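These numbers come from a predicted model, not from an experiment.
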Amino acid sequence: MSPAFRAMDVEPRDKGILLEPFVHQVGGHSCVLRFNETTLCKPLVPREHQFYETLPAEMRKFTPQYKGGQHGVVFPGGDPL
């Protein structure tokens with residue numbers, strides 16, 4: 001888990017973290033999920049990852065905050081078991 005996700009105030013769950021669909025999405029990525037009030041999860045393509053990792057400090061105030069990458073599994077219907 002990335003340090004940014006560990007620093008968030010999230011209750012641990014036995015089966016993982018519940019992500020909700022982000023209902024305000026208007027275009028772009030096919031799957032955007034809401035982690036909490038300030039964090040979205042979406043597929044990350046290598047070029048986008050490189051962009052955020054090498055973004056000059058002077059430009060960070062003009063871009064969305066990048067909190068790192070995280071691998072996950074989506075279970076349609078919510079319950080993985």
Distance (rounded to the nearest 0.5 Å) between [X] [atom1] and [Y] [atom2]:
X	Y	atom1	atom2	value
L40	L33	CG	CG	9.0 Å
L55	E58	CG	CD	9.0 Å
R60	Y52	CZ	OH	11.0 Å

Within-4.5 Å side-chain heavy-atom neighbours: K42 and E48: yes
4.5 Å side-chain heavy-atom contact, F22 and C41: no
Distance-minimising heavy-atom pair for P43 and C31: CD-O, 3.0 Å
Results of salt bridge (Lys or Arg N to Asp or Glu O under 4.0 Å) for E37 - residues two or more places apart only: R34
Partners meeting side chain to side chain contact (heavy atoms under 4.5 Å, CB included) with Q65 (sequence neighbours left out): K67
F51 ring center near H49 ring center (under 6.0 Å): no
Exceeds 12 heavy-atom contacts within 6.0 angstrom, atom CD of Q50: no
